[in-house]
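Scope of the values below: all heavy atoms of this structure, side chains included, with no hydrogens, waters or symmetry mates. Positions are given from 1 along the sequence. Worth saying up front: this structure is predicted, and the values here are computed from it rather than measured.
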Amino acid sequence: MKKSKIALKLSFNFAAALLLFSFIIGSVFLVLFKNYTVEVHKNELQNYAESLAKALSDEGTDGFGNHMGGYGAYLRFIGEIANTDVWIVDENLNLLTVGKGNKMMNGRYNFTDLPENASELIDEVLQGETTFSKDFSNILSQPTLTVGAPIKNENGGIWGVVLLHSSVEGSADAVNRGLGILGISIVLALAVTSILSIILSYSFTRPLSRMKQVALRLSQGDYFVQCGINREDEIGELSDILDLLAARLKEASRQSEKLEQLRRDFVANISHELRTPITVMRGSLEALHEKVVTEPQKVEEYYIQMIDEARFLERLVGDLLDLSRLQNADFIVNLSPVILCDVLSDAARSAKQLAQEKQIEIQTEMPEPCMCIQGDYGRLRQMFLIILDNAIKFSPENTAVHISVIGQRVLIRDHGPGIELQHIPHIFERFYKAQGTQNKSGTGLGLAIAKQIAERHNIKLSVVNHSDGGAEFTFELPMS
């Protein structure tokens, strides 16, 4: 398996976070557990001291001495159970007994046998309060805990003090055992969580690796690749974006191939369209130059043919320039308020000159007042005149071409044979010409130019065959 850098980083970060978490938990546990064990030990010593003080109450110093044999066993028992030193001090600060377990002795002792600072603790206890002291003595060369409880007589007076002195060694041992258990638990938890973190890290980064491969294949031109990752999170969203990018790149590639094909077709078509008139003109000129044709009538026919071909070339070049300008995104169409009916009337007057040879009538049906639109007057006139010229070209003699304005639509209809259904989807493409004698002199660019002018004015141009015969071009105008 190839190493994943991000997976290793995630695993390392998880491990570092777990170690920091363990350190914090261990520190908090150490403080809390130590305080807890000391508090428990302190409560135990307090209970022992208060119980012992209660048992010795009402005895007094003499009574205590007389019963020392019996109380000695009791004190020995308390010392062994609590693992403490038991000291009895009277109100005159005389040490009546000292020792632990079987070392306990009877008799009077000097106060100097007690540890340092004992007087402060004993003074507080003689005031009637149970008192505690930490680190009270250095006799055992380790931290200690001492509790003192007052011994009262039958009148409520305090005749002595019970001191229980114990090392916190047992508490420290308990803390150490607790830390040992905690350490073992942390090590096991770290081992398990480290394995889980590695598994989860690689599980988390696997979709990223997949998306990396997809991005690499996209850079190599493979636009059919898909991530195929279904997740309801940011990774899923990124995967969807990559899939969308692949789809758009695939569409852009298809459009690029289509444009390249159109470019090749354009070059082939323009070469074909230019070659024919140039060939005719060259052949005619060579025939005239070499005196192959000498009859005046034939010479005149050759001249007329060359003039017609030159006009065709002029028209073709003009159409190419117009189409090139309109398809250029930087070409600016000068928009200004234009009365639609004025443009249509102007185009209809020009079309009547073309229709006279075939005795075709141009009929108009326009409302009053007519709508005003934003547009380029000259380009709009050119657009409508191209459609009218096309309608006249395919209309039989002694028929009519209708121009109607209905709401936001302009309709131009002829009474010709109509357009074959297989040609309708391609009618506005460059150099696309249906075969027929009517279309022999066309360049195949007129309808493409009309379509470009319409798009520059946000006009939707379409064509259908009318139910009563002929073709009908529809201009869907934008809202004024």
Side-chain angles (χ1 to χ4, degrees), residues 1-24 186-270 323-332 422 424-432 448 451-452 454-456 458 460-462 478:
M1 180 184 294
K2 187 177 180 180
K3 291 184 178 180
S4 175
K5 295 181 179 179
I6 190 171
L8 293 176
K9 288 182 179 179
L10 285 174
S11 301
F12 176 78
N13 290 335
F14 285 152
L18 287 172
L19 287 174
L20 179 60
F21 174 78
S22 301
F23 175 77
I24 295 174
I186 289 176
V187 170
L188 293 176
L190 283 175
V192 174
T193 52
S194 297
I195 297 174
L196 290 178
S197 65
I198 293 174
I199 296 174
L200 292 177
S201 297
Y202 278 95
S203 175
F204 177 78
T205 56
R206 189 178 297 111
L208 297 179
S209 300
R210 171 62 181 168
M211 287 186 285
K212 174 186 173 183
Q213 295 299 322
V214 169
L216 183 61
R217 292 178 63 180
L218 287 177
S219 66
Q220 296 172 349
D222 183 4
Y223 303 134
F224 292 90
V225 65
Q226 294 286 308
C227 295
I229 299 173
N230 297 320
R231 293 180 58 159
E232 298 295 332
D233 54 16
E234 288 78 2
I235 293 180
E237 293 176 0
L238 181 58
S239 172
D240 294 339
I241 291 174
L242 278 178
D243 291 343
L244 179 61
L245 176 61
R248 291 186 176 179
L249 287 175
K250 181 171 65 176
E251 179 64 20
S253 177
R254 189 182 67 82
Q255 293 292 337
S256 178
E257 293 175 357
K258 182 179 179 181
L259 289 175
E260 179 62 21
Q261 184 62 39
L262 289 175
R263 187 190 67 80
R264 290 194 292 265
D265 294 343
F266 175 78
V267 173
N269 290 330
I270 195 65
L323 187 60
S324 177
R325 291 192 192 99
L326 290 169
Q327 289 181 332
N328 187 358
D330 297 330
F331 179 72
I332 299 176
Q422 66 268 25
I424 290 180
H426 310 285
I427 200 70
F428 296 109
E429 295 179 2
R430 295 174 296 179
F431 296 110
Y432 189 86
K451 183 71 171 178
Q452 289 295 322
E455 290 180 353
R456 283 303 186 98
N458 295 323
K460 184 179 179 181
L461 175 58
S462 59

Short side-chain to backbone donor-acceptor contact, D243 and C227, under 3.5 Å: yes

I24 side chain reached by L20 side chain, heavy atoms, under 4.5 Å: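 SC-SC contact between L20 and I24 confirmed.
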
Who are the salt bridge (charged side-chain N to carboxylate O under 4.0 Å, His left out) partners of [X], not counting sequence neighbours?
X	value
D222	R217
R248	none
E251	R254

Within residues 11-21 or reaching into it, pairs that qualify as salt bridge (Lys or Arg N to Asp or Glu O under 4.0 Å) - sequence neighbours excluded: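 Sorted result for residues 11-21: empty, none.
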
Pairs satisfying salt bridge (Lys or Arg N to Asp or Glu O under 4.0 Å), at least one member in residues 186-201, at least two apart: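 Residue pairs with at least one partner in residues 186-201: there are none.
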
Mind checking the [atom1]-[atom2] spacing from [X] to [Y]? Nearest 0.5 Å is all I need.
X	Y	atom1	atom2	result
Q226	K250	CD	NZ	6.5 Å
L242	K212	CG	NZ	13.5 Å
M211	L216	CE	CG	14.5 Å

Distance-minimising heavy-atom pair for V225 and A246: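 Minimum heavy-atom contact is O-CB, 3.6 Å.
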
Side chain to side chain contact (heavy atoms under 4.5 Å, CB included) partners for L249, two or more places apart: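 Result, side chain to side chain contact (heavy atoms under 4.5 Å, CB included) vs L249: L218, Y223, L245.
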
